[in-house]
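These notes are about the structure you will find just below.
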Protein chains: 2
Amino acid sequence: MASQPHDSSRHDNTLAVIRTLREQGPAARVDLGILNGISSATVTSISAELLQQGLIAELPPDTPRPSGRGRPKTLIQLAPEAACVICVKLSINELQLVVGDYSGQMQHSEHHSVATLALTPADLVALLEEKIAEVRSLALASHRRLVGICLAVQGVVASHSGTLIWSPALSFRNAALAPLLTERFGCPVLLENDANCIASVLATQPAYAGYPNLAVIMLGYGIGMSLLIDGVPFLGANGSAAEFGHSKYQPGGAQCACGKRGCVEAYAGDYALYRKAREVLELPAGDSAHPSEAQMQALTQLAMQGNPDAQRIFAEAGRALGYGMANLLALFNPDLVLVTGSGVRGYAAMQEAMQDAIDEALVSELIGPTRIVSCPWDRDMTCLGGIAITLQATDSQRLTES
Amino acid sequence: MASQPHDSSRHDNTLAVIRTLREQGPAARVDLGILNGISSATVTSISAELLQQGLIAELPPDTPRPSGRGRPKTLIQLAPEAACVICVKLSINELQLVVGDYSGQMQHSEHHSVATLALTPADLVALLEEKIAEVRSLALASHRRLVGICLAVQGVVASHSGTLIWSPALSFRNAALAPLLTERFGCPVLLENDANCIASVLATQPAYAGYPNLAVIMLGYGIGMSLLIDGVPFLGANGSAAEFGHSKYQPGGAQCACGKRGCVEAYAGDYALYRKAREVLELPAGDSAHPSEAQMQALTQLAMQGNPDAQRIFAEAGRALGYGMANLLALFNPDLVLVTGSGVRGYAAMQEAMQDAIDEALVSELIGPTRIVSCPWDRDMTCLGGIAITLQATDSQRLTES
DNA sequence: TGGATTTAATTTAGACCCTAAAATAAATAT
DNA sequence: ATATTTATTTTAGGGTCTAAATTAAATCCA
């Protein structure tokens, strides 16, 4: 007459406590209760279990406490050494590897220059295996158990099957990367879109919390997007992120890297801006189909300094972005649109034309209450997001299994 | 030492049982258990409560049973007389009122021709109050308790506040209709987008179930859309449906009813098709800015019969639709797109151009596994959906209160 | 210095809800 | 008539939560 715990409430509450600790840092049991709408008696019970499993630890009480009457709070925090995850970011000509501990903090980070477009599928897998093995030994040296690996890539991914469908960083398509790595390293491997990783981080920041429908647009070589509904990335049929960059501005318009014409990206992606600029401006030489950060900064400088040709190019990009945004607003009607990515460097030069385009495209009733703001770009954010997503996935998995 | 039932599982299970009965009709306790993943002991307990409240009834056992061994199933069903709801559909020049019983069946339906565009806000409210009062007395005559009213309208609605933001059927904007009617009739009044109503019905049909991300496009005078995620309408910041019709095909293009240019609707809405057609074809006279069903059928006939001018017009509309669809696929990546509404009459004449436009706009990786199919149009579907939504809302409310 | 007060964490007692198993019910098969 | 089968109800018990009571650990104040 026993029963399996078909009841999910303990499971949910445990996850909520862990998530709160990871997002907000050390907290007292009372506060964890209030924050998650459960009684502190329950938090006591949950934290006892987690302590016993070594996943959390009590903070020594000598920490500077907010003075006040009453028994002082005993803060609990995630035990960093309880586990670790590795996040690998694959972007054009670069590979970043980051090790994160169980509290979600970055433990180690390294960058490698790689001619990604020249890789074959086998090359890529070999490279990933080699580099991951290296950082894994680092992690294992400090007695941390590797519980998951995350591959964060630009492009279209089928996250459920772990297949990379298409990425601007690679010259091949449809590679089932995750299953191969799972087998090699014996732990779950997630394949995630880079925009989803960043959006997951941004959504937890106080400034952007409280917006149930959030769109994060990533400007860069290409243009990506993530749609978060109540903080969780919306994955369509593909299991991929939304492809804002390939929504249309002008049927039959400019040539896009995807092979089609008229995509927003073909006007506002780095390569598109640089391509146009080279026609009329003196700019640093180099692979202008894949402009470097230095090249893009040179171009952006020109626009900021008032060069009319450069300004015209950014304005046209802003207009394309604005029309894309108009479609996003009409179809998705988000509460907040965040514009970020390395391409925000040129946002100031695009913003006015973008806003004009939105006003030209949509009646105010359809623009609704949506706010559009830009947000500074941090190159480590992708991996931090990947780490957070992976930890959350493995926590959830562990609880459902046991 | 008592506790409020903060636990939601009974609540959820009760709603699930009611929903299953409403969608699938009479069912046995065992099957309700299997269908909803709960034990039949729990179903027994839940159905005992519902029987006691008079919300369900056991079917007399003399119904033709599927022969077989063992104790026969006792089917239970929702008690139609337990409650009723009224759904009012407001569309251009027409008002439909439907009474639905607790099982979700249509009890009564009536149509009224009304020059909706000539109404003032006060006129509209007076008209609604009068007509609703009429059908309410019908319902009350059969001893049914009116538990909710649904207003289903074309256009943009803020469903949380009950404000009609903008509708093509009306010449004014921003009317807080629901609060007024709530006060007048003393029951919850929901304001819903018509596409959401229809989509809610379609999503429960076996043929379209099992698609977690479903887009329903409504062709008609204007073009509406509803996005369902796991069967529930996605409401953005506005609380409104997605406005596919006003996504852009051609910046600076054809004049749209919304006041802007280049919207998909300005090419593929009834008024847009008829406007173009009148330039080159002999067609029935009448208010060609608001073509009647007869006028649209005449135009559609011409295209079906091979008239090249008519065919060209539909092809251009299909192309606009295709580009809009491309953006929908890029941004939302639904599993299934259903095209319906009165405008499906012309779907055959648009389909090829539409498909070509999608292929022209998007690489196959971004089209992904999405299927696009049309679906026959039934003018009562909106109200049936409104009734289902309202019953579900009032059931849920009742349970959370008690 | 020592109670009074305040706040945090834990323990206790009880309610709710679910499930598996047992019991009961109601049919068909032989 | 009895065995078998399937549905429903009853029973017993476990899990989880919460409110209240208790315990713990500090400050306040005389």
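- When all heavy atoms are compared, the tightest approach of A:H160 to A:A237 is NE2-O, 4.0 Å.
- Remark: A:R145 fails to qualify as a cation-pi partner of A:Y102 under the 6.0 Å distance and 45° angle criteria applied to the six-membered ring.
- Atoms CD1 (B:I76) and P (D:dT8) sit 8 Å apart, rounded to a whole Å.
- For the pair A:L59 CG and C:dA9 P, the interatomic distance rounds to 12 Å; values are reported in whole Å.
- For A:I38, counting side-chain heavy atoms from C-beta on, the closest listed nucleotide (D:dT18, C:dC18, C:dA29) is D:dT18.
- Taking 4.0 angstrom as the limit, B:T44 places a side-chain polar atom (N or O) nearer than this to OP1 or OP2 of D:dT9.
- Phosphate contact (OP1/OP2 of C:dC18, side-chain N/O of B:N13, threshold under 4.0 Å): present.
- The listed nucleotides are D:dC17, C:dT19, C:dT28; the one nearest the side chain of B:S39 is C:dT19.
- Side-chain contact of A:N193 with A:S226: a donor-acceptor pair under 3.5 Å is absent, judged by distance alone.
- If you measure from atom CD1 of B:I56 to atom C1' of D:dT8, you get 13 Å, rounded to the nearest angstrom.
- Within residues 20-29 of chain B, no residue is approached by DNA chain C to less than 4.0 Å at the level of any non-hydrogen atom.
- Residue-to-nucleotide contacts include no donor-acceptor pair under 3.5 Å from the side chain of A:R71 to the base of D:dA26.
- Computed from coordinates, the B:I34 CD1 to D:dA7 C1' distance equals 11 Å when rounded to whole Å.
- In this structure B:F332 satisfies the ring pair (Phe, Tyr, Trp, His ring centres under 6.0 Å) test together with A:F234, A:F332, sequence neighbours excluded.
- Looking at every heavy atom in both residues, A:P80 comes nearest to A:R144 through O-NE, 3.6 Å.
- Atom NZ in B:K73 sits about 17 Å away from atom P in D:dT5, given to the nearest Å.
- Of the two residues contacting DNA chain D, namely B:T74 and A:T42, the nearest-nucleotide position lying further toward the 5' end is that of B:T74.
- Atom CG in B:L75 sits roughly 17 Å away from atom P in D:dT6 (whole-Å rounding).
- Ionic pairing of B:D395 and B:R19 is not present here: no N-O contact between side-chain nitrogen and carboxylate oxygen is shorter than 4.0 angstrom.
- Closest heavy-atom contact between B:R29 and B:T44: CD-OG1, 4.0 Å.
- Nearest-nucleotide positions on DNA chain C place B:E49 closer to the 5' end than the other of B:A41 and B:E49.
- Distance, B:R10 CZ to D:dG15 P: 20 Å, rounded to whole Å.
- Here the P atom of nucleotide C:dT10 and the CD atom of A:E58 are 7 Å apart, to the nearest Å.
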